[in-house]
Peer 1: 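Dropping a structure here in structure tokens format, bear with me for questions.
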Amino acid sequence: MTTVHLARARLGDLADLDPTQRRRVLRYEQEADRARCATGVRLVLHALRRATGDEAATVERRCTGCGAADHGPVEPAGRYAGRWSLSVTHSGDVVGVAVRAGAEPVGLDLEAGAARSLDAVARLVCTPYEQAADAAAPDTDDARRIRWVRKEAVLKAARVGLTVPMTHLELSAAHEPPRVLGWDSASRPDGLAAADIALCDLALQEPAGVRGAVAVLGTADLDARCVRVEDAELVAGP
């Protein structure tokens, strides 16, 4: 089971963050960006600690490209490394963290309906087949949002992010069960096949207009539940 924890972005006074966490938050100039970052820091620890039952559980970052520790995917640290997987995302004022037991990498993405129009980037996101499928959908904008979150979730699970063009992936239509139909061999990670990727749409009751998806590599078993986290529950702690 994959659990997705959702919270509203809130900056707070940062007293609960350690110096490294505070520096990460304060490098952003806009308050909204700082709020998303601070909430992400708190929420990822909350999610891992609730999942493991260990209030001392910690995380670390490591860029898969350059090896730097100040950016890149968030992963459990210490004895939970390789035993749990995490993924963090945000859209608008909504922050989400997916947590899953096991070594299989998980990827999460959210997209708020009013966050942006995808019209201008449709050709950068969709293959010709996908453009036609979305154009034929009853709600083209919503179909594109669904496709966007599904693709980002897959790329995050593969730990390649947007270094891979989205058009290298081809997915099922929005009204169909989420599935990876193909991935260009030029950018597909070695040893990974489309059949090795499980996808799941999130059933979000709130916030209204937000679409979400979770992807996991190396398993066909994927079920996800969403948990709303209130501000008072979010304290980064030691």
Peer 1: For L26 and R34, work out which heavy atoms get closest and say how close.
Peer 2: O-NH2, 3.3 Å
Peer 1: Could you tell me whether the side chain of V59 reaches within less than 4.5 Å of the side chain of L86, counting heavy atoms only?
Peer 2: yes
Peer 1: Closer than 4.0 angstrom, basic N to acidic O: yes or no for R50 and E55?
Peer 2: yes
Peer 1: Looking at every heavy atom in both L6 and G96, which two are closest together, and how far apart are they?
Peer 2: CD2-CA, 4.0 Å
Peer 1: For S172, give me all partners under side chain to side chain donor-acceptor pair (under 3.5 Å), at least two apart in sequence or on another chain.
Peer 2: none
Peer 1: Check for a donor-acceptor pair, side chain of K156 on one end and backbone N or O of G161 on the other, with a separation under 3.5 Å.
Peer 2: no
Peer 1: Quick check: are there more than 12 heavy atoms from other residues, nucleotides or ligands sitting under 6.0 Å from CD of E176?
Peer 2: yes
Peer 1: Should V88 and L43 count as side-chain neighbours, where that means a heavy-atom distance under 4.5 Å?
Peer 2: no
Peer 1: For E170 versus T127, what's the shortest heavy-atom pair and its separation?
Peer 2: OE2-OG1, 2.6 Å
Peer 1: Looking only at atom types and distance, does a side-chain atom of R49 sit under 3.5 Å from a main-chain N or O of A57, one as donor and one as acceptor?
Peer 2: yes
Peer 1: Listing request: all salt bridge (Lys or Arg N to Asp or Glu O under 4.0 Å) pairs with a residue in residues 72-91, at least two apart in sequence or in separate chains.
Peer 2: D54-R79, E75-R159
Peer 1: Mark yes when over 12 heavy atoms from residues, nucleotides or ligands other than R123 sit less than 6.0 Å from its CZ; otherwise mark no.
Peer 2: no
Peer 1: To the closest 0.5 Å, what do you measure between CD1 (I146) and CG (L171)?
Peer 2: 11.5 Å
Peer 1: Stepwise, does the salt bridge (charged side-chain N to carboxylate O under 4.0 Å, His left out) test hold for K151 with E130?
Peer 2: CA-CA 12 Å; K151 287 197 175 189; E130 292 174 328; 2.7 Å; yes
Peer 1: Look at the side chain of D196 and the backbone N and O of A193, then say whether any donor-acceptor pair between them is shorter than 3.5 Å.
Peer 2: yes
Peer 1: Can you tell me if T39 and R42 form a side-chain donor-acceptor pair at under 3.5 Å?
Peer 2: no
Peer 1: Would you say V4 and V97 make side-chain contact, with heavy atoms under 4.5 Å?
Peer 2: no
Peer 1: Could you measure the distance from the CG atom of L199 to the CZ atom of R150? Nearest 0.5 Å is fine.
Peer 2: 7.0 Å
Peer 1: So, do Q21 and L45 sit near enough that their side-chain heavy atoms are less than 4.5 Å apart?
Peer 2: yes
Peer 1: Do T167 and L124 have side-chain heavy atoms sitting under 4.5 Å apart?
Peer 2: no
Peer 1: Who else is in Y129's hydrophobic cluster (ILVMFWY, side-chain heavy atoms under 4.5 Å, direct or via others)?
Peer 2: L181
Peer 1: For the side chain of R188 and the backbone of W183, is there at least one donor-acceptor N/O pair under 3.5 Å apart?
Peer 2: yes
Peer 1: Do T89 and V149 make a side-chain contact, defined as non-hydrogen atoms from C-beta onward lying under 4.5 Å apart?
Peer 2: no
Peer 1: With rounding to the nearest 0.5 Å, note down the distance linking OG in S185 to CG in D190.
Peer 2: 10.5 Å
Peer 1: Can you tell me how far the CG atom of L155 sits from the CD1 atom of I197, to the nearest 0.5 Å?
Peer 2: 9.0 Å
Peer 1: Report the residues that fulfil side chain to side chain donor-acceptor pair (under 3.5 Å) with D134, sequence neighbours left out, ordered by chain and then residue number.
Peer 2: R147
Peer 1: Side-chain contact test, heavy atoms from C-beta onward, threshold under 4.5 Å: evaluate it for L108 versus L202 and give yes or no.
Peer 2: yes
Peer 1: Does anything in residues 21-57 pair up under ring-ring contact (aromatic ring centres under 6.0 Å, His included), and if so which pairs, sequence neighbours excluded?
Peer 2: H5-H46
Peer 1: Looking at residues at least two apart in the chain, or sitting in another chain, which of them share a side chain to side chain donor-acceptor pair (under 3.5 Å) with H168?
Peer 2: S187
Peer 1: Would you say M1 and V227 are hydrophobically clustered, going by side-chain heavy atoms of ILVMFWY under 4.5 Å?
Peer 2: no
Peer 1: Roughly how far, to the nearest 0.5 Å, is CG of L14 from CZ of R24?
Peer 2: 13.5 Å
